[in-house]
Number of protein chains: 2
Amino acid sequence: MPIGAAIDHAGSADQMTDTPKVQPRAATPGRRATQRPTIRDVSRLAGVSRMTVSRVLSDPELVLPATREKVHKAIADLGYVPDRAAGSLSSRRTGFIALMLPTLTNANFAAVAHGLTEALREADYHLLIAYTDYDMAEEERQLRNLLARRPEALVLTGAVHRRNASRMLLAADIPVVEIADLPSQPIEHAIGFSNYQVGRTAARYLIDAGFTRIGAIAASPEGEVTDHRGEERMRGFEDELRLSRMSTAMVMRHGTAPVSFHHGAGAIRALVERDPAVEAVFAVSDLSAVGAVMECQRMGVRVPDDISIMGFGDFEIGREINPALTTIHADFRALGLRTGEMLRELLADGGDAEARMIDVGLRVIERASIRGR
Amino acid sequence: MPIGAAIDHAGSADQMTDTPKVQPRAATPGRRATQRPTIRDVSRLAGVSRMTVSRVLSDPELVLPATREKVHKAIADLGYVPDRAAGSLSSRRTGFIALMLPTLTNANFAAVAHGLTEALREADYHLLIAYTDYDMAEEERQLRNLLARRPEALVLTGAVHRRNASRMLLAADIPVVEIADLPSQPIEHAIGFSNYQVGRTAARYLIDAGFTRIGAIAASPEGEVTDHRGEERMRGFEDELRLSRMSTAMVMRHGTAPVSFHHGAGAIRALVERDPAVEAVFAVSDLSAVGAVMECQRMGVRVPDDISIMGFGDFEIGREINPALTTIHADFRALGLRTGEMLRELLADGGDAEARMIDVGLRVIERASIRGR
DNA sequence: CTCCTTGATGGGACCGATATCATCGTAACT
DNA sequence: AGTTACGATGATATCGGTCCCATCAAGGAG
């Protein structure tokens, strides 16, 4: 067929084979005036078959430049955007990666989502985000919703321990990556750091700095709403103190997850009230730690002269306050990026790779909120 | 049929009509061992038709309790999770709401996503989030990706002004809600506050407080990467000063969007260097404002005695620092919730409602970072 | 006793893409 | 020149659900 011979919109290709056969589904009269253009509309306008349009979009090399151009023009004229739901169904590739987080309202988790998106952008994967607000009951519901979208992989923070959840995961049969922790019994892959080790490291650091009266700040679990990873940190913290034969730390449980600046402020006040002689305090999150520092300023308690404060997470604000906050750094952005890379490998491989466990490590960031020996 | 008569897995309903006809698509041998269960597997196991299974899941009232139970058992046994892509294709309802944000790494935008999710949760909508990192070129790409998923509505921050983008929006033919600003030419619905008014309010407030040497802190636009809403605030700020016949404010443009604590610290330092006599400073974001307060502490500049600082956004940290930050509050969480409510109405109505414009208002929160007259 | 209504379920087409194979014209080879 | 190979394009079945009827049994009205 000579190029350009079929620019008129009638009498070509797909058109006749696609005549309605029996009773077409009701056109839902009076709803939306405009009918969204489909690949068929494009094919008709361009005078080619639907397959050719599909090829132009997914593998343009296969199509003659002249044809390609006709198709692109038709696409532009119609404002056509392909329907990925239909494409997914046929190709069995949705291009979705599911991500389940405790909350988005936390800079570090937001950073994970951010890094992950970036790593997956050029591979044309789209992140499907769900969050549980630290509620385990919600977790299962969210998981079901996510799986219904047929993601090609699943990224989780925190364990999914429900019976049903496990069954669903098994049936889904996709790569699962747990992040931001290193579980003793990972579902499959894991990439992160040990929250338990965070706690131990913090305790060790404070002990080595010569403190003997050490306190801690955490949230108190409330039914199904629990910050498991924060609890892990506390467990490590208490274990390390115990192993060092220190008297039990004073652990202030205050409020519920998620913690916040305000949480830290309330907690340190309560803690100091209960033990005015406390020398050093570890907070399970920088948010609490920063709040604690601010409250100390208000109470006239000098940091670090009167009380030393240590956090976790290395949030930006910790670098900016006075005194700057000593903290334990875990690189969440990199976590997201590396998870993205791992996913791309796993998905390219066909997903039958060995289970991997990657420790991105921890780093104590020494700043000014801890008194030197 | 007597209850329970068809528990054996053979010889019932759908089975015979579903024999493969010609050349079935290759079973991709050696890929995944497990085949994901489909509605057909459930129907066979339960001894009912696919339609009955579908009904059990979408409208259980229509199905006899006994039948319902059989189906539920089969679903549980197989770990069946319905494929929403298939369902969407058929029902033309994807259950997606698209949300486009500048970034997730901002507590206020994260709060919008959070509120929106909550408002839509029980209506069984799932949020599809994309973010642009303040990059307009990225915006169009992201928009196309979102529309390909056939969301039932689109929530945007900031204007989408590209030609192609408009065409796509038109063809998509879904409700569009712009949030966190009140554009002079809204695409359709809008719910938020006027960023221009934020700037004017801030300037008015500082003028009324008796300051005459007033500065401002903002990011500098860089090519396609621009914080349009922040620029609107600056425009309002400068206009108000001009209208009050004040000498032009000293506007410090420092770094690029998005702004951060660190941005504020650098900006105030540069600003004070350039004009040591500056009395009051408005920052387009609390993040910058808090960073500025912290830097002042470091420089030995007293807030508010030597310099007054005002922010925008009412971030949590602003409440906790010393002195607490005077700021302009816009309720982003409520914004998310109200947007969710509006969407539910729009979607129930069939989407042909009048274009609405809702102003959620602003509130100056007076705290300690501004010197009294 | 027949007809009609109602409730529960099934049959088949269809949503809008893509995988696969078929077709056809032309270039490259013996 | 005849044949094979290849490149470009088309036809058709199919992905896994749901919509719209059709069917059938049971109960009520006439």
Side-chain angles (χ1 to χ4, degrees), chain A residues 1-3 6 12-18 20-28 35-43 46-68 70-71 80-94 148 150, chain B residues 1 6 12-18 20-28 35-43 46-68 70-71 80-94 148 150:
Chain A
M1 180 195 294
I3 295 160
S12 50
D14 246 39
Q15 196 157 350
M16 5 216 66
T17 67
D18 288 325
K21 282 148 209 166
V22 194
Q23 290 146 318
R25 195 178 287 197
T28 39
Q35 190 69 17
R36 240 190 291 276
T38 73
I39 200 171
R40 185 168 299 156
D41 299 313
V42 175
S43 76
V48 299
S49 72
R50 288 174 297 161
M51 259 329 287
T52 299
V53 177
S54 176
R55 284 194 192 97
V56 167
L57 290 167
S58 58
D59 203 349
E61 301 302 306
L62 294 179
V63 178
L64 224 54
T67 313
R68 218 185 294 161
K70 278 192 298 184
V71 172
Y80 169 70
V81 176
D83 184 332
R84 291 279 255 136
S88 302
L89 187 58
S90 181
S91 69
R92 302 164 132 315
R93 295 205 45 236
T94 58
R150 297 290 185 266
Chain B
M1 183 193 293
S12 49
D14 247 41
Q15 195 158 352
M16 2 217 68
T17 67
D18 287 325
K21 282 148 208 164
V22 194
Q23 290 145 318
R25 194 178 289 198
T28 39
Q35 190 69 18
R36 241 191 291 276
T38 73
I39 200 171
R40 186 168 298 154
D41 299 313
V42 176
S43 77
V48 299
S49 73
R50 287 174 298 161
M51 256 331 285
T52 300
V53 177
S54 176
R55 284 195 192 98
V56 167
L57 291 167
S58 58
D59 204 349
E61 300 302 307
L62 294 179
V63 179
L64 225 54
T67 312
R68 219 184 293 162
K70 279 192 299 182
V71 172
Y80 169 71
V81 176
D83 183 332
R84 292 279 253 135
S88 302
L89 187 57
S90 180
S91 68
R92 302 163 132 315
R93 293 206 46 236
T94 58
R150 296 291 186 267

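Remember, predicted model here, so these are calculated numbers, not experimental data. Labels below follow one simple rule: chain letters A, B, ... track the order of the sequence lines, proteins then strands, and each chain is numbered from 1.
- For A/S54 (side chain) and A/R50 (main-chain N/O), no donor-acceptor pair under 3.5 Å exists by modelled atom type.
- Following rounding to the nearest Å, B/I39 (CD1) and D/dG17 (P) show an atom-to-atom distance of 5 Å.
- Here D/dG16 presents its C1' atom at 9 Å from CZ of A/R92, a figure rounded to the nearest Å.
- For A/R150, taking side-chain heavy atoms from C-beta onward, the closest of the listed nucleotides D/dT12, D/dT18, D/dG17 is D/dG17.
- In this structure, the CZ atom of B/R50 is 10 Å from the P atom of D/dT18, given to the nearest Å.
- Of the listed nucleotides (D/dG17, D/dT18, C/dG16), C/dG16 has the atom at the smallest distance from the side chain of A/A86.
- Rounding to whole angstrom units, CG of residue B/D83 and C1' of D/dG16 are separated by 6 Å.
- A donor-acceptor contact under 3.5 angstrom links the side-chain atoms of B/S90 to the base of D/dT18.
- Looking only at distances, no side-chain donor or acceptor of B/D59 sits under 3.5 Å from a matching main-chain atom of B/L62.
- Out of D/dT18, C/dT18, C/dG16, the shortest distance to the side chain of A/T38 is found at C/dG16.
- Remark on the helix from C/dC1-D/dG30 to C/dT30-D/dA1: inter-end axis angle 50°, axes from five-pair C1' superpositions, rounded to 10°.
- To the nearest angstrom, C1' of C/dA17 lies 9 Å from CE of A/M51.
- A/D59 places its CG atom 14 Å from the P atom of C/dT20, with the value rounded to the nearest Å.
- A side-chain contact (heavy atoms from CB on, under 4.5 Å) with B/R55 is found for one member of B/V71, B/V63, B/T67 and no other, namely B/V63.
- Using a 4.5 Å cut-off on side-chain heavy atoms (C-beta onward), A/V81 and B/R150 make contact.
- Across the protein-nucleic acid pair, A/R40 atom CZ and C/dC15 atom P stand 7 Å apart, rounded to whole Å.
- With values rounded to the nearest 0.5 angstrom, B/T94 atom OG1 is found 14.0 Å from A/R84 atom CZ.
- At distances below 3.5 Å, at least one donor-acceptor pair connects side-chain atoms of A/S91 with backbone N or O atoms of A/G87.
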Please tabulate the protein-to-nucleotide N/O contacts below 3.5 Å involving nucleotides 5-9 of chain C, giving atom names and distances.
{"residue": "C/dT9", "atom": "OP1", "partner": "B/T67", "partner atom": "OG1", "Å": "2.5"}
{"residue": "C/dT9", "atom": "OP2", "partner": "B/L64", "partner atom": "N", "Å": "3.0"}

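- The side chain of A/Y80 contributes no N or O atom lying less than 4.0 Å from OP1 or OP2 of C/dG16.
- One atom, CG of B/L89, and another, C1' of D/dT14, lie 12 Å apart when rounded to the nearest Å.
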